[in-house]
Amino acid sequence: MVQVTLRVNGKEAELDLPGRALLIHALRDHLRLTGSHIGCDTSQCGACTVHVDGKAIKSCAMLAAEADGCEVTTIEGLGSDAALHPMQEAFRQHHGLQCGYCTPGMIMLALDMVARHGQLDEPTVREELDGNLCRCTGYQNIVSAILAGADAMAHV
Amino acid sequence: MTPEAPAIMAGTSFGRSVGRVEDARLVRGKGRYVDDIILPDQSYAAFVRSPYAHARLASIDTADALGRPGVIRIVTGADVAAAGLPPLPCGWMIHSTDGAPMKMGVRPMLAQDVVRYVGEPVAIVVADTRDLARDAAEAVLVDYEELDVTADCADALRDTTVQIHADIPGNRAFDWDIGNAAAVTDAFASAAHVVSLTLRNNRLIPNAIEPRAANAVWNAVDEQLTLYMAHQNPIGMRAFIAGYYGLAAEHKLRIVSPDVGGGFGSKAHNYPEELAIAFAAKLVDRPVKWTAERTESFLTDAHGRDHLTTAELALDSDGRFLALRVDTLANIGAYLSSSGALVPTYMYATMLSGQYVIPAIHCRVRAIYTNTCPVDAYRGAGRPEAAYVVERIVNVAAERIGLDQAEIRRRNFITDFPYQTPVVYEYDSGDYTRSLNEALALADYAGFPARQVEAAARGRLRGIGIAAYVEACGIGPSAKLAALGGGAGMWESAEVRVHPMGTVEVLTGAHSHGQGHQTTFAQVAADRFGVPIEKISVVQGDTDRIQAGTGTYGSRASVGMSATLRACDSIIAKGKAIVAHLIDVDLETVAFSDGIFSSSATNRTVAFAEMAYAAHTAAGFPTDQIEPGLVATSFFDPPNFTYPSGVYVCEVEIDPETGTTDVVAFSAADDFGTVANPMIVEGQVHGGVTQGIGQALWENARHDPDTAQLLTASFMDYGMPRAVSLPNYKLVFTPTPSPSNPLGMKGCGEAGAIGAPPAVINAICNALGVTHIDMPAAPETIWRLCQARMSS
Ligand code: FES
Ligand code: FES
């Protein structure tokens, strides 16, 4: 067992975990933040995408112990009960989700795109989505949502 | 058949792109999928699975695994046999042409003596944690004696040395046919042109991004079993698990499918794993949870398609179709899955008339066992295979006789409805010419030659392909399906509850796993009642709340929405009777529209919510004539299938240096009948078309021919469609309301996956100037064709 201290969505969490526990398991099973999902076992689908120290990472590709001392943001850390984050709102407005399983990962990745590129265009968004799979939407509305979300973020 | 006139939806929400009710929850990460649930005293299961495609189980040694800390129990086929649990059935009976019933290979819940595909479940380890269960599963020692294998249906038919089920010689489940062979032979004898084509419809892996999952808990005192499962038909599953398996009595079995992360058919079947988890929960008397890893999904979620087909089309000198002859080998995998016999027969051969008048059709289907994962319904289920045959051979014919691919279609379209095809189905409605015209306009078909020349100047081969599909959805009526071999009713139910304050619950057995029923079903009630959508909730996926249902698959939400409409109308009828007493007028004078009851006999009006309150206070009307309360139920059994159709135009550019294909434009004109919510329906087309392009270009379940190991068992090896490889699609709707349900709806979920593959392959053949290329049209194949062309 290893002792891991995380700051998740602004709250300190001390966890006692098996050494092999992945960050996604720490979040889902131990902190019960089940918005981040598991869609694969080869780090290919992106359903588990969260931010660690401000960067989007696949939380199935990181040991929880590696995140010790890190700042973690999950989908639950965005927006508030009263208001959605502009990127969440854009996914809703543009029908960027169907079953919703890939959605938290898509939104966390989208925020990372905005952070790195600022202004986004369609080819960039499509290129950047390479590590995130959606089986429902055909991506078209995810791309529109991300472009609109980035726009909305630039105007707040 | 007595078609009802489609109802006019006068309100403000039905037919509009109303934002989805479910999204506020899902974009916050507040969905509730099966794996999100952890029950008190939860234990975890891991499956021991066969690493071989065909082997005899010599022995299973569980001692080491069982001795590990935290391991609670190991369940094997011996436990299943001891409990007398029956093998998994196929839900459809097909008879061969000679009258013999199909031969169903015995499929136990956990393997007994022989394993027949890689990944077949052999044992379950139940332990305190997921990791302990997985580690212990690896410590179970199974002694396998390898047997010869076959993964390909043509090989399985030819090679009689591999016998997959001891009692099924030749590996043939059935040899079935449909249509009029003699009429086809006559027509071919007098034809001006005959074209033929052999093609493969590649095997696909559904890959919903949420893996299958189950969590079961047994209450021994009350003999109650609760099973959470990621399923498309939880309500229907109760009858099956209770009635067929007897794992609990029907009234004591609760099945819950909360949020489900995509299905595409793959979560509509009965699988051994979920049943085994329920069985294990009874044995250990603790909740047992299993969530598939992606590798398990690849190996064991029922695969789709996998046909090898030869087709011949006879035409007269004007290019009119005279007859179609089709011979198909369907690879059904190691066992006949739930709908494994239905998909390659009545979901496939019955669609071979396409959008065309073809006076004579005959199709033979041989269903062949192989050492592969069972094949079952996957988005489209039989209809994509049919559309691919028809739409490919039509283009081959067009090329042969020198007709434009649009013109040959136009010349042969069915124009009068209803239309009885030579292969069972009676098409309800459509305007195929309009869809073609609109698709061609959207795609700027006329401008293609100029674009081709421009592309050639850049060294690119540009091609354009048209595909016109028709499919059968909204399946029913139940009696007709039973006559064709079906084993379950094909209605849907809805219960509408109006509460005293005028809020509404719609409970339905239909199940949404991405389709947005919480929105569209609510739209029906919102319009009918004149109540804002915020005051309506749609309840699904829990047998404790919903009495009956048949689930969602085969684009059949129109059936449940029609039941919802009818239940709403019963509420309004009762409301009128109540209101007649409240305002003291004759019932015949009471009208209801936009949420207000009124009467020609008085100025007084009653709002819907007032009526609801009065229905519950029950003081303003005689309760010996009108019962208090406001609940209505409807079971809708549709009089006929619905027949969505459409025309797709795909444009590709091929780089002859690398053989890569870019889909540069894709236009779709779809007739889904009445469209409840264009935003949602467009989303369904986007998803379907993407899966269709995926099949045409990248997706392929490949097996090693010597070992029958699945070579494409991860997202690293299997070509999932990705955003970067896709264009934006252009869509238009060309609705003709269906007479098969009161809403005039047809269904939209599968269309894209049906129409897109032939559109893409027709475009590639057009670009390369070749007659045919098999799917997936991989860069290497295309590159070789380009090289051969350049050197010749
Ligand atoms: S679960 Fe992390 S990438 Fe798929
Ligand atoms: S919305 Fe279902 S996987 Fe993306």
Side-chain angles (χ1 to χ4, degrees), chain A residues 18 20-21 25 28-29 32-45 47 74-79 81 84-85 87-89 91-104 107 122-123 125-144, chain B residues 17 19-20 22-33 35-36 38 129-131 206-211 259-264 291 293-295 297 512-516 679-680 682-691 693 714-716 720-729 752:
Chain A
R20 65 174 162 175
H25 293 140
R28 287 180 55 78
D29 298 348
R32 300 301 284 138
L33 293 167
T34 54
S36 309
H37 298 140
I38 301 173
C40 72
D41 44 18
T42 53
S43 296
Q44 302 263 300
C45 76
T74 70
I75 188 75
E76 290 92 344
L78 303 184
D81 284 353
L84 294 173
H85 183 283
M87 190 59 79
Q88 291 172 313
E89 185 59 39
F91 268 72
R92 183 162 83 153
Q93 288 291 332
H94 291 263
H95 191 30
L97 64 151
Q98 291 181 25
C99 78
Y101 198 78
C102 71
T103 313
I107 291 173
E122 188 191 327
V125 173
R126 286 191 177 269
E127 192 77 44
E128 288 273 346
L129 281 171
D130 205 42
N132 284 54
L133 295 175
C134 173
R135 194 55 153 167
C136 299
T137 63
Y139 304 102
Q140 183 159 330
N141 289 346
I142 291 179
V143 174
S144 316
Chain B
S17 292
R20 296 205 322 168
E22 34 279 90
D23 289 356
R25 193 164 48 83
L26 297 176
V27 297
R28 285 184 165 95
K30 297 288 184 193
R32 188 167 182 256
Y33 302 87
D35 189 60
D36 298 343
I38 298 178
T129 72
R130 188 175 42 225
D131 287 344
N207 275 323
I209 303 297
E210 181 209 22
D259 285 319
V260 172
F264 317 111
T291 304
E293 292 181 49
R294 180 56 52 185
T295 310
S297 310
S512 176
H513 26 279
Q515 297 90 335
M679 176 192 82
I680 287 176
E682 284 172 11
Q684 289 290 313
V685 177
H686 294 167
V689 165
T690 300
Q691 287 177 3
I693 293 175
S714 81
F715 286 144
M716 288 190 282
M720 289 284 279
R722 283 164 205 268
V724 71
S725 313
L726 297 162
N728 282 318
Y729 312 130

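Letters A, B, ... mirror the listed sequences (proteins, then strands); counts begin at 1.
- Separating the NE2 atom in B:His686 from the SG atom in A:Cys134 is a distance of 12.0 Å, to the nearest 0.5 Å.
- Heavy atoms of A:Glu122 lying under 4.5 Å from chain B belong exclusively to its side chain.
- When all heavy atoms are compared, the tightest approach of B:Pro211 to A:Tyr101 is CD-OH, 3.8 Å.
- Note that CD1 of A:Ile38 is 11.5 Å distant from CZ of B:Arg294, once rounded to the nearest 0.5 Å.
- The parts of B:Tyr729 that come within reach of chain A are both its backbone and its side chain, each placing non-hydrogen atoms under 4.5 angstrom from that chain.
- In this structure, B:Val27 and A:Ile107 approach most closely via the heavy-atom pair O-CD1, 3.9 Å.
- Between chain B and the residues A:Pro18, A:Gly35, A:Gly39, the most heavy-atom pairs under 4.5 angstrom are made by A:Gly39.
- Proximity to chain A is limited to the side chain of B:Ser714, based on heavy atoms less than 4.5 angstrom apart.
- Per-residue heavy-atom pair counts under 4.5 Å with chain B were compared for A:Leu33, A:Val125, A:Asp29, and the maximum is reached by A:Asp29.
- Considering only heavy-atom pairs separated by less than 4.5 Å from chain A, the leading option among B:Gln515, B:Arg25, B:Glu22, B:Gln691 is B:Gln691.
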Go through B:Glu682 and A:Asn141 one step at a time and tell me if the side chain to side chain contact (heavy atoms under 4.5 Å, CB included) criterion holds.
CA-CA 10 Å; B:Glu682 284 172 11; A:Asn141 289 346; 5.8 Å; no
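- To the nearest 0.5 angstrom, B:Thr129 atom OG1 is 10.5 Å from A:His25 atom NE2.
- In terms of non-hydrogen atom pairs under 4.5 Å with chain A, the most contact-rich of B:Arg32, B:Glu293, B:Arg130 is B:Arg130.
- Side-chain atoms of B:Arg722 come within 3.5 Å of backbone atoms of A:Asp130 as a donor-acceptor pair (strictly under, hydrogens ignored).
- Nearest heavy atom pair, residue A:Cys136 against residue B:Gly262, reads SG-CA, 4.5 Å.
- Looking at A:Leu78, neither its backbone nor its side chain comes within 4.5 Å of chain B, counting heavy atoms on both sides.
- Taking both residues in full, the closest heavy atoms of B:Asp36 and A:Arg28 are given as OD1-NH2, 2.8 Å, listed atom of the first, atom of the second, then distance.
- Formation of a donor-acceptor pair under 3.5 Å by the B:Arg28 side chain with backbone atoms of A:Gly79 is not found in this model.
- Once rounded to the nearest 0.5 Å, the distance linking CG of A:Asp81 with NZ of B:Lys30 reads 7.5 Å.
- Per-residue heavy-atom pair counts under 4.5 Å with chain B were compared for A:Leu129, A:Asp41, A:Ile75, and the maximum is reached by A:Asp41.
- Taken to the nearest 0.5 Å, the CD atom of B:Glu210 stands 8.0 Å off from the NE2 atom of A:His37.
- The ring-ring contact (aromatic ring centres under 6.0 Å, His included) test applied to B:His513 returns B:His511, not counting sequence neighbours.
- Qualifying ring-ring contact (aromatic ring centres under 6.0 Å, His included) partners for A:Tyr139, counting only residues two or more places apart in sequence or in other chains: none.
- Interatomic distance, CZ of A:Arg126 versus CG of B:Asn728, reported as 4.5 Å (0.5 Å rounding).
- Heavy-atom pairs under 4.5 Å with chain A peak, among B:Pro721, B:Ser17, B:Gly31, at B:Pro721.
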Side chain to side chain contact (heavy atoms under 4.5 Å, CB included) assessment of A:Leu97 paired with B:Arg20
CA-CA 10 Å; A:Leu97 64 151; B:Arg20 296 205 322 168; 3.9 Å; yes
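- Between chain A and the residues B:Ile38, B:Val689, B:Val260, B:Asn207, the largest count of heavy-atom pairs under 4.5 Å involves B:Ile38.
- For B:Ile693, no part lies near chain A; criterion is any non-hydrogen pair under 4.5 Å.
- Ranked by heavy-atom pairs shorter than 4.5 Å toward chain B, the options A:Leu84, A:Thr42, A:Val143 are led by A:Leu84.
- The backbone N or O of A:Phe91 lies less than 3.5 Å from no partner atom in the side chain of B:Asp23, so there is not a single donor-acceptor pair.
- When all heavy atoms of B:Phe715 and A:Cys45 are compared, the closest pair comes out as CE1-CB, 4.0 Å.
- Heavy-atom minimum distance, A:Pro104 versus B:Leu26: CG-O, 4.4 Å.
- Of the two parts of A:Thr137, only the backbone, made up of N, CA, C and O, holds a non-hydrogen atom closer than 4.5 Å to a non-hydrogen atom of chain B.
- Using a 4.5 Å cut-off between heavy atoms, A:Asn132 does not touch chain B at all.
- Although no hydrogens or angles enter the test, the distance criterion places a donor-acceptor pair under 3.5 Å between the side chain of A:Gln98 and the main chain of B:Gly683.
- Between chain B and the residues A:Gln88, A:Met87, A:His94, A:Glu127, the most heavy-atom pairs under 4.5 angstrom are made by A:Gln88.
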